[in-house]
Each structure stands twice: as structure tokens, then as C-alpha cells.
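Worksheet: the structure to be examined is printed underneath.
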Amino acid sequence: MAVRVRFAPSPTGFLHVGGVRTALYNWLFARHHGGTAVLRIEDTDTEREAAGAIEQIQRSLDWLGLDFDESPAAGGAHGPYRQSERMERYHGAVERLLEAGHAYRCYQTPEELEAARDRARHTDDPAAPTRLHRELTREQVARFEAEGRPAIIRFRTPLEGETVVEDLVRGRIAFEHRLLGDTVLLRGGGAPTYQLANPLDDMEMGITHVIRGEDLLPSTPRQRLLVEALGGAFPQTAHLSMILGGDKKRLSKRHGAASVEEFRAAGYVPQALVNFLALCGWSWDGETEIMSLAELVERFSLDRVNPAPAVFDHEKLAWMNGAYLRALDAGAYATALRAHLADQASPLAGAERLDELVPLVQEKLGALGEFDALVGSLVESRDPDPEAWARLAQDANAAAVLDAAVSALTDLEPFGAEQVEAALRGVCEALELKPRQAFQPIRIAIAGSTVAAGLYESIAFLGRDESLVRLARARTAVAG
RNA sequence: GGCGCAUUCGUCUAGGGGCCUAGGACGCCGCCCUCUCACGGCGGUAGCACGGGUUCGAAUCCCGUAUGCGCUACCA
């Protein structure tokens, strides 16, 4: 049977790294098996929906290179792909369940339910409060209806036996029916719950494998029971572990960047994020770390997915991003850099000669977002770093070095990095200073900072006139 | 409280009875390279949660304990 998987986020905000990992594993599994990847938006809870979230999710997936075959944007034969557009199907299914006796109307008010739940919490039947209206008499129903009480629809979960789930990642897991309780299918206002909409859509969309977070593991048996009551085939499941923050709590905003948009803004490349997340809970041979999307597709398998939770390691991601950046050829690097600067509306975005800066920064940047800090001052005039400027003033050699540098560069011809190096080395010899002593004041003069790109290349990039202007400006800040 | 999942260096992981005096990677430390910062090279640090079994032999299998996380919603 052809593989069909789905990624089914609810549009409550930006796409999170945990969500990306889920999307990625689904996508890799589909591509590996030549199957179909479906993107379905679970927007049954209008209360929690965030404006623009659907577009945002789609945009993030596009950026990551995860193309879903069927989606709200791309359409497909099993649509619509937004649950808010599938309401009649949920109600139809509920009608069938009601008729077959698999579901029933429950008239409990939220307050009644909560009170009962508090009482039952420490008993040996904590799920009891959910089935209080399971066997209402005709008279009781009539009375509730007469009172005008709204009804919710609950699933009639078997009271005995158990449901066994054969999870592809975790193996065999048994759940006692008695502890499940009667799941709410339709809310008071008639809106479907996740527990109804999600498995029904999977069924109607022909989903063969459900790959999702471990937090959904406990709802698997009730969804399975529901699908079977509807006469459908329940898909295979693979429950992925959670991604945690450094404190072992579920990853969230508190732990720093966690959304795709944030990594994008910081200048991460999508391949690095994808590669890193692929390795967050899965491995190929335990040794190979850098893998292209194509290699991941070829190598991915659910039986190598690790069931244990993983802490999200920003540092390793940063390293990997730098590795990807360094591996780019100059042209690709320039393209990525321009795209990033434009994307972030940087004032440097339109600058000419950016390509010339690539060799100066490529091996130094861990993320494209660091570009501005490293060489922004070469592209446009900036105020120097006050701390560096203060150090310049303190430097006993600064005056002599700056003067010597000016005379060494004034008539230098041609004005290339190699010639600049020779000239500056001459300055060192003449003053009997080590390069590290002599170059620091020059660096501060040229770049306005103690941390910068290569000195000779920077000077060559600036050109003679601008270099001399900067040296002169620094000279005025130095006594003597 | 109940149910479920998980537990190998600080972190991501390899390991599925003898190949393990536990391998790789990030981080960290040291050295080298060096015009700063990086890159790169070399070396080092650090781990099988605990307790019982099973077995000639256990990181690997079983049981228990502990700890963490998830679920226990008219959220998903």
C-alpha cells in the first residue's frame, strides 16, 4: 500500500522546532517510500487560532524545502485540507456514531463535570465523571432538553478490555479501556474536538502512518476505538519523543530561539536546521552527521528513531550552521548572504561589492546574521567601538604605528591585499614591533573594532583613500 | 493521585549478550597555526541512574526503585 503521511499543525503561532522535526520526519518517511506527504491545518479551536499562522507555517515549510504534495495551498484529491472547511464530515460521522449507539448526548455542565472530576480524582475510577450521562433515561433526557441545556456528544468507550497499540518507535503498549473515559466528540457549540476531527480526517484522507509527538500517545487508543467504530482502518503510529530545553522542560520561548522564523532571521541556512533536527532523535550510523536532504531521504527509517527525549542543543546547531556556511562556494555564499540581508531588510542589502567581502567573512561567520557586526563598518562608515577606541588611545605604539602605516600606504601601487601585507610587515620591521603589536592599532583604525576580518584584505577592500582617512581619524585620537 | 513513555560523557548519539579497557559529534581544556576573531590540525576531559535477578558472560534481557517528561480539557 502506498504510504500517505500527514503533518497536522494547529495554527496557534509560528512553526516551532518540535513541529519542524515532526514535519521533517513525516516528509522524509514519505519521500523515502515514494509516498505522499499531506499538510493539514487543524483549526477546530477558533479561540486559539493566531492570525496569519497558516501562511506563516507554509512559508516556514517552503523555506526549509519541505514540499507537501497535498495542502491548503497546493490542493489535492482528499481536500479540503483545513478542518474548518470539513465541518459537515464531522457532523456526519457523529450522526452515524449516534445511530449505531457508539456515541451519546451528555448534558453535564462544565461546572458539574469539574466538581465530579475533583471528587473522582483519587478513587479507583478517575474516568467515571465522563460517563455520568452514558445511560440516561428518556425522562432524564426530556427534562434536560426542556431546561434548554446544551448537549455535547461523547464516545461510548468500552468499559472492559484494553486496546493494544503497536507503535513503530515504542513497540507494544496496552491501554485499559476503563481508564480512558468517554471522549468528547462535539462541544457544546457543535464544534468538533481534536479527538474526533483528527482521526476521522486521517481515515478519510487515507493516511497510512501517523508520525507525531509523544504527547499524543495517550490519545491513540481512543482514536483507534473511534475509527474502528466508524468501520475504518487505523493507521500505523510512530510517536516521537519531545524536544526539551536545557532545563529538561518542554522547549519554549524561554529557552531562546525556537521558531523557524527566528533561526531564519539570525542567518541560519535551512539545510543546517533540517540536518540538525533530523539528528535530533534519529541517526544513520552514529558517526555521520552532515547529510544532505537527498541523503536523509535515502537513509531515513523509523526503526532508527530514538524513543528518548532530546535536549535541543543551540551550540551544536550553531556549529553545524557554520559548517554549512563554510562549505558553500563563493557564488552560493554571496547569493545566500544577499538573500538574508534583503530578507532582514538590512541597510547593507543593496550594497555593491558584497561579493568581494565573501572571502573575508566566510570562515568566520557561524550565521549570516553576524555579517553586519564583522564587516558592516567596511561597507558604510560607522562610529568605532568606544572600548576599542579607548584602547587605541592607551597604546604607546599607536602614534608611531599609525604614522608609519600612512606613509607605507600612501604611494603603494598596486593597492592589493598582498602589497598591503608587504607594506605593513615593513612597518613592523622598521619599528621593531611584532605584528600583533603593530597591527592592533591599525585594525582599530580601519575596522573600528578589535575583532574584525583580515587586515590586509580589509584595507584593500576599502581602498587607499578611505584607508588613509580612517588612519588619520585614528591618529587624532592618539596623543603624541 | 492514576495511566503512559523514557533513562549511555554537560548535550546529541552509536551500541540490540562476548568485537566495549563503551565509539563518533558539539561543548569544554591544553598545544600548534596565527594580524584580532574565527577556521584548521593534534591531544585531553567526561558516561552505561540505582538495586536485584537471568547467563559461563549484561550498557545490552527480566523485575523493582528512583528520577524526568507526557496525558489525565467542551486545547491540540
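Below, chain A is the first sequence line, B the second, and so on; all start at residue 1. The analysis underlying the following values was restricted to heavy atoms, covering all of them including side chains, and did not include hydrogens, waters or symmetry mates.
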* Do the side-chain N or O atoms of K434(A) get closer than 4.0 angstrom to the phosphate oxygens (OP1, OP2) of U34(B)? -> no
* **Closest nucleotide among C5(B), A76(B), U36(B) to the R443(A) side chain** => U36(B)
* Do K364(A) side-chain and C37(B) base share a donor-acceptor contact under 3.5 Å? -> yes
* Is the distance from OP1 or OP2 of A38(B) to the nearest side-chain N or O of R326(A) less than 4.0 Å? -> no
* Asked: Contact class for P110(A) (heavy atom, under 4.0 Å): base, sugar-phosphate, or nothing?
  -> base
* Given C74(B), is OP1 or OP2 found less than 4.0 Å from the side-chain N or O atoms of R117(A)? -> yes
* Using a 4.0 Å heavy-atom cut-off across all strands, classify R212(A) as base, sugar-phosphate, or nothing. => nothing
* Asked: Around R89(A), counting heavy atoms of other residues, nucleotides and ligands shown, do more than 12 lie under 6.0 Å from its CZ?
  -> yes
* Asked: Any Lys/Arg nitrogen of R391(A) or D385(A) sitting under 4.0 Å from an Asp/Glu carboxylate oxygen of the other?
  -> no
* Asked: Within the structure, does a side-chain N or O atom of R48(A) lie under 4.0 Å from either OP1 or OP2 of C74(B)?
  -> no
* Respond yes when some side-chain nitrogen or oxygen of T44(A) is under 4.0 Å from OP1 or OP2 of A76(B), and no when none is. => yes
* Counting side-chain heavy atoms from CB outward, which of U36(B), G68(B), A76(B) is closest to D45(A)? -> A76(B)
* Counting any heavy atom closer than 4.0 Å, what does L279(A) reach on the DNA or RNA strands: base, sugar-phosphate only, or nothing? -> sugar-phosphate
* To do: Using only side-chain N and O atoms of N306(A), determine if any of them is under 4.0 Å from OP1 or OP2 of U8(B).
  => no
* **Ion pair check, D125(A) and R131(A), cut-off under 4.0 Å** => yes
* Structure fact -> For M291(A) and Y324(A) the tightest heavy-atom approach is O-OH, 3.0 Å
* Asked: Taking syn as any angle within 90 degrees of 0 and anti as the rest, which one fits C39(B)?
  -> syn
* Taking the side chain of I173(A) as heavy atoms from C-beta outward, which of C69(B), C26(B), C5(B) is closest to it? -> C5(B)
* From G2(B), G4(B), G24(B), pick the nucleotide closest to the side chain of E289(A)? -> G24(B)
* Answer yes or no: does a side-chain N or O of R436(A) lie under 4.0 Å from OP1 or OP2 of U34(B)? => no
* Select base, sugar-phosphate, or nothing to describe what Q362(A) touches, counting heavy atoms under 4.0 Å on all strands. => nothing
* **Lys/Arg-Asp/Glu bridge criterion (N-O < 4.0 Å) met for E114(A), R119(A)** => no
* Within less than 4.0 Å of OP1 or OP2 of A6(B), is there a side-chain N or O belonging to S241(A)? -> no
